[in-house]
Amino acid sequence: MQLFNAWYNLESNQAENIQSLISLFEKEGNSQIKASCDEDIEIFSAQDWKNFSEKQQQTLLLKYRLTYLKESTVNWCAALGTVLANDEVKDGFSERGGHPVEQKKMMQWSMRISAYAERLLQGLDTIDWPEPVKEMQRNWIGKSVGASVKFKIENTDNSIEVFTTRVDTIFGVSFLVIAPEHELVNSLTTKEQKNEIDNYIAQTKKKSELDRMADTKTTSGAFTGSYVINPANGEKVPIWIADYVLAGYGTGAVMGVPSGDQRDWLFAQKFNLPIIQILDSQANIATEAEATKEGKYINSDFINGLTYKEAIEKLNLWLETQKVGKAKINYRMRDAIFGRQRYWGEPIPVYFKDGLPHLIKEEELPLLLPEIDKYLPTETGEPPLARAENWTYQDQANYELSTMPGWAGSSWYWYRYMDAQNENQFASPESIAYWKDVDLYIGGSEHATGHLLYSRFWNKFLKDLGYVNEEEPFKKLINQGMIQGRSNFVYRVMDEDGKGTNTLVSAGLRKDFKTSALHVDVNIVENEILNLAKFKTWRPEFKDAEFILENGKYICGVEVEKMSKSKFNVVNPDDLIKSYGADTLRMYEMFLGPLEQSKPWNTNGIEGVFKFLRKFWRLYHNESWVFTVSNEKPSKEELKALHKIIKKVQEDIERFSFNTSVSSFMIAVNELTDLKCKSREILENMVIILSPYAPHICEELWHLLGKENLSYAQFPTFNPSYLEEAEFAYPISINGKMKMNLNLSLSLSENEATTAVLANEQIQKHLEGKTPKKIIFVKGKIVNIVI
RNA sequence: GCUCGGAUGGUGGAACUGGUAGACACGCAGGACUUAAAAUCCUGUGCCCUCAACAGGCGUGCGGGUUCGAUUCCCGCUCCGAGUACCA
């Protein structure tokens, strides 16, 4: 609601209530206002504003709001009557059922995250996050400095606006490409070209954005028949459409400069368009494009002879004075779509009256999901909420039918933890002032450009409105590795049109068919062999499935990928807890490897951790499993073992290296077992050190030791004097190859040490009578003899 | 395609700042205890040559380089994973 009732003021560089915008409109119209808003805003005066009807005013405001309605393209599956996510579309067909999917335009709620692009970018420098994640976000925000240029359409008053980072190449333009979805395509297409354009658009509609992107090898496009005039030299430039240009980015139009851009070069090659050299440094443009900024301009009228920097400056000024363009900063990040055509999500608290969206009143919240007969779209393809009876506001106006996406909740939930019982506010100002932000956030890098960016966006917005105090929500971030799953696949045979059939072919035979791979539940697959009976009942669409078997079996394909419900490769840890206990599972997960590393889930080593915990328990017991500790003074060796582990665990916790701590615990327990240690002093400390790793067993032992409140026990202090050594077994290497170890006192100087080394008989043997050229001595590390 | 990450024994991994590669586990093999099994304990286990020991050679995805010395640094690839919007 707040986002709907807000706009972004680029002057104060923060979000403000929509009321302040309305007052500005009333006072001075919109010509002086610097705001993040839709591109197609007309200029109006204060007087105009007052004369506008209520409806006109609201329509205009919608173009400024931070939550607004926007036409977006979605994957539409007519057979299922629903919108599909990208990962539910496989090769242009729905994963479920194999029905055709096409790109369809739809009015969708969006959020103007782009208003925050610069702040999201700058903020990265202030937070302690892994560099790769920051880098991904920087690339995602994608700031580029360039210019926008208007190309006038021949014989009309309209023009096409183009964004370019290389305005200096404007004299090399030999064509203009617009996205197939571009709103001007229809009006630009001439009678002669209509067939070709229609065909091309039909083809494009079948491709998802992902497909369009994956295929960089084929150059395709179609000529509209119309021309624009290059403002720089007045020349006629043909307008093409091509699917490498996306409607959603910039203006959905690109100027084609074949000499400087390889993609444009390929396009010009294929369709016989001129390739114009514009820099004297471009020597090989007959074979490939050269995106150089070196050299001086040629064939470029008034920038001939200038360098790159001079040309950019001159052109930007020229564009502005000619009123055909201006210098511009562009962000590749698009606004985020906020509506979902699903049932399970928060309903959007909006109703429609006279085609305009209105918010329900705040005291009417929360708006609860209505009951519906089945969680499916309607027969006419409307979202599930359309099934609800009387889903109307005050019995008159229709409610919005889409629901909110997952990130509506995930973008602010941590504030709820600060004040979870609060019934009136999302969190009280006092609790927010106390807790501030999240000190350490552990999350997977798969959220780098989704959740972690949306959260930063909402947090900044909440700060602008004074609800929270920190600019950034997560001070420090660590990427834990993803636990991956082994996914199994079946292969659906496709007919000549590429449509899915009812037949599935075993993995070994799939080369002979055109197939598309489908995830299958790992629980109905054993040793890659599919249980056919279970498969048929798994989902209704497979009831009558037919199989092409190999050796009487259906063999599934295997891939390792992230564990996810949608991939049907999730395993449940409950069974492990039942047989090994939660401590074992917890420690095993740590033992598996470094926190940041991804790996497939595998329980092969869990026995080792389980045995360790039993061995640890036995330290506190005698042979008959009776609790036994002694009050004897610990020996030197026992103290050494203890202080080794104190040091190690301290260091490991600092650097989040839990797997190495677990190994060290095993070493310590092995040592203490060998020493037959029963000393209370040692064993009490061991419980404290291990307790964060295996809390249950430690709590139990703590009680047996006659103590309470383990979580408040003081972590033991490391004493280095227990670890001091007088000697070190130096590795002696010859030409960098380790030959033997030699015990030397650590107090020896370099000279004394090398003398002692050369005096050694065995070393002389290794030297084979040769005189060393050089001896490298690193105290406490190594001796290397070069011969 | 693009952005980001990863690769070390049969397996998970260790080696933190360029200094003994394979710690600690799993698995495997052999043995002890047991009527037997489970549990527990002991020994061995990177690869190659060798009956074995001694000794030797090769080894951190691949190909080069820097260095007395490289799993670690540099250049060029391959494969695997995550994200994705052909970003003008």
Side-chain angles (χ1 to χ4, degrees), chain A residues 86 130-140 142 144 146 162-166 169 177 208-217 242-257 260-261 263-264 330-334 444-450 479 481-482 484 559-562 588 591-594 596-600 602-609 611-612 614-615 618 623 651-652 654-655 657 659-667 670 673 729-741 772-778 780-787:
Chain A
N86 276 333
E131 206 43 54
V133 176
K134 290 195 194 181
E135 199 57 32
M136 279 193 249
Q137 291 207 349
R138 281 191 199 106
N139 291 329
W140 183 267
S144 53
V162 158
F163 175 78
T164 175
T165 49
R166 290 296 303 272
T169 63
V177 188
S208 70
E209 274 181 337
L210 231 104
D211 291 338
R212 272 164 79 165
M213 156 184 66
D215 182 17
T216 48
K217 283 171 196 99
D243 62 10
Y244 75 85
V245 176
L246 297 182
Y249 179 74
T251 57
V254 183
M255 59 184 217
V257 185
D261 183 294
R263 218 171 34 203
D264 294 345
N330 208 45
Y331 299 93
R332 79 179 191 147
M333 179 170 60
R334 307 203 282 233
S445 64
E446 79 270 30
H447 295 126
T449 53
N479 284 136
M482 268 166 284
Q484 297 162 325
E559 241 173 75
V560 169
E561 53 187 358
K562 83 172 174 181
Y588 178 61
F591 188 55
L592 223 42
E596 316 82 42
Q597 225 165 79
S598 292
K599 60 174 56 71
N602 185 337
T603 53
N604 279 349
I606 200 165
E607 276 301 318
V609 175
K611 278 190 211 161
F612 158 76
R614 292 174 63 107
K615 211 166 166 182
R618 205 166 337 115
E623 280 84 52
E651 289 169 355
D652 284 350
E654 283 301 318
R655 57 190 184 106
S657 174
N659 58 322
T660 50
S661 307
V662 177
S663 299
S664 309
F665 276 123
M666 291 173 172
I667 295 172
N670 287 345
T673 304
Y730 279 92
I732 313 292
S733 38
I734 291 172
N735 288 340
K737 285 211 183 285
M738 216 282 275
K739 294 291 174 187
M740 58 176 283
N741 285 95
K773 283 189 203 136
K774 194 172 169 187
I775 299 175
I776 284 124
F777 173 80
V778 184
K781 294 264 178 178
I782 202 168
V783 179
N784 187 16
I785 305 170
V786 187
I787 53 172

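Lettering of chains follows the sequences in order, A, B, ..., and the numbering in each one begins at 1.
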Whole-Å distance between [N] [atom2] and [X] [atom1]?
X: A:Met738; N: B:A70; atom1: CE; atom2: P; answer: 15 Å
X: A:Asn735; N: B:C68; atom1: CG; atom2: P; answer: 11 Å
X: A:Arg618; N: B:U40; atom1: CZ; atom2: P; answer: 7 Å
X: A:Glu561; N: B:C80; atom1: CD; atom2: C1'; answer: 13 Å
X: A:Tyr730; N: B:G69; atom1: OH; atom2: P; answer: 21 Å
X: A:Gln137; N: B:U84; atom1: CD; atom2: P; answer: 13 Å
X: A:Glu559; N: B:C79; atom1: CD; atom2: P; answer: 15 Å
X: A:Asp652; N: B:G13; atom1: CG; atom2: P; answer: 17 Å

When the [atom1] atoms of [N] and [M] are considered, how many whole Å apart are they?
N: B:G6; M: B:A29; atom1: P; result: 36 Å
N: B:U50; M: B:G56; atom1: C1'; result: 10 Å
N: B:U67; M: B:G18; atom1: C1'; result: 9 Å
N: B:C4; M: B:C62; atom1: P; result: 24 Å
N: B:G30; M: B:A23; atom1: C1'; result: 24 Å
N: B:A14; M: B:C51; atom1: C1'; result: 35 Å
N: B:G10; M: B:G19; atom1: C1'; result: 30 Å
N: B:C41; M: B:C54; atom1: P; result: 29 Å

Check this one for me: any side-chain N or O of [X] less than 4.0 Å away from OP1 or OP2 of [N]?
X: A:Gln597; N: B:G13; result: yes
X: A:Arg334; N: B:C87; result: no
X: A:Lys599; N: B:G13; result: yes

What nitrogen or oxygen pairs link the protein and nucleotides 2-5 of chain B at under 3.5 Å?
| from | atom 1 | to | atom 2 | distance (Å) |
| --- | --- | --- | --- | --- |
| B:U3 | O3' | A:Asn139 | ND2 | 3.4 |
| B:U3 | O2' | A:Asn139 | ND2 | 2.9 |

Quick one: does any side-chain atom of [X] pair with a main-chain N or O of [Y] as donor and acceptor, under 3.5 Å?
X: A:Asp264; Y: A:Val257; answer: yes
X: A:Arg332; Y: A:Asn139; answer: yes
X: A:Gln137; Y: A:Ala448; answer: yes

- For the atom pair OH (A:Tyr588) and CD1 (A:Ile606), what is the distance rounded to the nearest 0.5 Å? 6.5 Å
- Query: So which heavy atom on A:Ser598 is nearest to which on A:Gln484, and how close?
  - Reply: CB-NE2, 3.9 Å
So do [Y] and [X] actually touch side chain to side chain, heavy atoms under 4.5 Å?
X: A:Gln597; Y: A:Leu592; value: no
X: A:Tyr331; Y: A:Ser144; value: no
X: A:Asn741; Y: A:Ile732; value: no

- Between A:Lys774 and A:Asn784, do the side chains contain an N or O donor and an N or O acceptor separated by less than 3.5 Å? no
- Item | Residue pair A:Thr660 / A:Ser657, side-chain donor-acceptor N/O under 3.5 Å | yes
- A:Ser144 or A:Asn602, whichever maps to the more 5' nucleotide of RNA chain B: A:Asn602
- RNA chain B nearest-nucleotide lookup for A:Glu651 and A:Asn784: closer to the 5′ end is A:Glu651
- Ring centre gap for A:Phe777 and A:Tyr730 strictly below 6.0 Å: yes
- Item | A:Glu131 with A:Arg138: basic N within carboxylate O range, under 4.0 Å | yes
- Among B:C87, B:A82, B:U20, the one nearest A:Arg263 by side-chain distance: B:C87
Name the nucleic acid region contacted by [X], choosing base, sugar-phosphate or nothing; use a 4.0 angstrom heavy-atom cut-off, strictly under.
X: A:Leu592; result: sugar-phosphate
X: A:Arg614; result: sugar-phosphate
X: A:Ser598; result: nothing

- Quick tally for nucleotides 22-28 of chain B: nucleotides whose base has a protein heavy atom under 4.0 Å get B, sugar-phosphate-only ones S, the rest -, giving -BBSS--
- Applying the Watson-Crick and G-U criteria (both distances under 3.5 angstrom) with [ ] for crossing and | for other-strand pairs, one obtains for RNA chain B (((((((..(((......[....)))((((((.......))))))(((.......)))..(((((..]....))))))))))))....
- Item | N-glycosidic conformation, B:G12 - syn within 90 degrees of 0, else anti | anti
